[in-house]
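Down below is the structure, laid out as structure tokens.
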Amino acid sequence: MVNVHCEYKLVEDLAFLMESEQMNSLEFAEQTGVSRTTLMEIQSSGKARNDVCEKIYAYAYRKNYRMNSIKEELLKDSGSLILFHGSKEGIDVVRVNGSRENCDFGKGFYLGETYRQALSFVCEKENSSVYSFGYSPDGLKIKRFMCDLEWMLAICYYRGTVKKYENNAMIQKIVSEVENADVVIAPIADNKMFYIMAQFTDGEINADVALHSLSASKLGFQYVLKTDRAINRLHPIEKYYLCIPERENCRTSLVERGYEIDTKLKLAKREYKNGLYIEEILK
């Protein structure tokens, strides 16, 4: 278990914005609608209500300050492994059993390689936020997947769409390797991608069509921490406020990405007609 004592870095972010825009507190108050008294309270306490945070960070975003993304770049410049977790309501503690059973690889704590990945999973939620963590997997038992059949079968098993084949030797071997790992590192699969996987497990498309369609995702890799040993390597860094304009921008990007995946699925169906179907692979 790891305690997460991260809050928004309001004091630093305020100072950056006022300096960058060459404003004093009165001018900044006029531009954002946040009173000078409230600004002074933030500077002394480092805290603010969500509606105040929204005014500050939405103003920054409209002014084209992509602070969260730039903070990610600066963190990664250190050369350390930096991971991100999107939370719908905020987190205080990280535990192994914090996720649902029917996630991609069962119970565990899920993180992505980029800030944008984490944002994409929670941008629909009003009170969501993203957290950054430093991490070192050295010495841990790691199961790695690529965008291949093994990865697709693992996710379909944990999401419950291959019950007919769950005792198959190939699937049981994959599951055993996942359950014996401290950390699973694998391509991220969101619901749009799982829709394609479900077509494969339902026998509607073959494996080649599914995998060539899924390769269009470009969501990067996820790290699934499945043991206390793995979780204890986490080092919380910062919590990021997600303003409405940023979340809306992310939702628009996801819609466009969905069109790309749909197009690739249609093209793959035309190109890869001779691939194996699930009943042929797991016979």
Side-chain angles (χ1 to χ4, degrees), residues 1-4 76 79-87 91 93-115 117-118 120-121 130-191 193-194 196-198 200-201 207 210-211 214-215 217-237 278 281-282:
M1 183 179 77
V2 171
N3 292 317
V4 181
K76 290 184 174 180
S80 301
L81 176 60
I82 306 297
L83 300 174
F84 297 84
H85 176 81
S87 173
I91 52 175
V93 176
V94 174
R95 295 187 177 91
V96 170
N97 60 357
S99 66
R100 305 184 312 275
E101 295 242 1
N102 63 341
C103 290
D104 288 356
F105 298 96
K107 286 192 174 181
F109 187 64
Y110 287 69
L111 305 106
E113 290 180 307
T114 70
Y115 166 77
Q117 290 169 352
S120 70
F121 281 94
V130 169
Y131 294 78
S132 58
F133 295 85
Y135 197 64
S136 173
D138 294 345
L140 296 175
K141 291 187 292 184
I142 297 173
K143 171 60 181 175
R144 295 180 185 271
F145 290 93
M146 300 305 291
C147 184
D148 56 17
L149 178 63
E150 184 185 49
W151 163 72
M152 188 164 60
L153 288 174
I155 291 175
C156 290
Y157 172 86
Y158 282 102
R159 290 207 184 190
T161 64
V162 289
K163 291 188 180 297
K164 179 180 176 181
Y165 304 100
E166 62 184 12
N167 293 321
N168 178 274
M170 182 186 297
I171 289 181
Q172 285 300 309
K173 178 178 181 294
I174 295 169
V175 172
S176 175
E177 291 174 352
V178 169
E179 293 304 318
N180 284 310
D182 294 309
V183 182
V184 175
I185 303 175
I188 290 177
D190 62 7
N191 288 336
M193 297 165 68
F194 184 64
I196 293 173
M197 293 183 185
F200 166 68
T201 56
L211 290 170
L214 294 169
S215 68
S217 66
K218 301 175 184 176
L219 284 180
F221 282 78
Q222 60 186 328
Y223 284 63
V224 186
L225 313 188
K226 294 193 65 71
T227 65
D228 288 331
R229 188 165 172 248
I231 279 178
N232 289 336
R233 299 288 189 88
L234 280 175
H235 302 287
I237 298 174
I278 188 169
I281 295 169
L282 301 179

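In this chain, residues are counted from 1 in sequence order. Computed from a predicted model, the values in this text were never measured in an experiment.
- The ring pair (Phe, Tyr, Trp, His ring centres under 6.0 Å) test applied to Y135 returns no partner, not counting sequence neighbours.
- A side-chain donor-acceptor contact under 3.5 Å links Q117 to the backbone of E113.
- Residues passing the side-chain hydrogen bond (donor to acceptor under 3.5 Å, both in side chains) test with R229, sequence neighbours excluded: D182.
- A ring-centre distance under 6.0 Å is found for F105 and F145.
- By the side-chain contact (heavy atoms from CB on, under 4.5 Å) test, I231 pairs with V2, V94, V96, F109, L225, sequence neighbours left out.
- Residues that satisfy the ring pair (Phe, Tyr, Trp, His ring centres under 6.0 Å) test with F84, not counting sequence neighbours, are absent from this structure.
- Residues satisfying the side-chain contact (heavy atoms from CB on, under 4.5 Å) criterion with S87, sequence neighbours excluded, are H85, I91, Y131.
- Pairs passing the salt bridge (charged side-chain N to carboxylate O under 4.0 Å, His left out) check and including a residue from residues 147-156, sequence neighbours excluded, read K143-E150.
- Within the structure, the salt bridge (charged side-chain N to carboxylate O under 4.0 Å, His left out) test picks out no pair touching residues 131-141 (sequence neighbours left out).
- Rounded to the nearest 0.5 Å, atoms CG (L153) and CG (L282) are 5.5 Å apart.
- The side-chain hydrogen bond (donor to acceptor under 3.5 Å, both in side chains) search around S136 returns none, not counting sequence neighbours.
- For residues 161-174, the salt bridge (charged side-chain N to carboxylate O under 4.0 Å, His left out) pairs, not counting sequence neighbours, are K173-E177.
- Scanning for side-chain hydrogen bond (donor to acceptor under 3.5 Å, both in side chains) contacts around N232 gives an empty result, with sequence neighbours left out.
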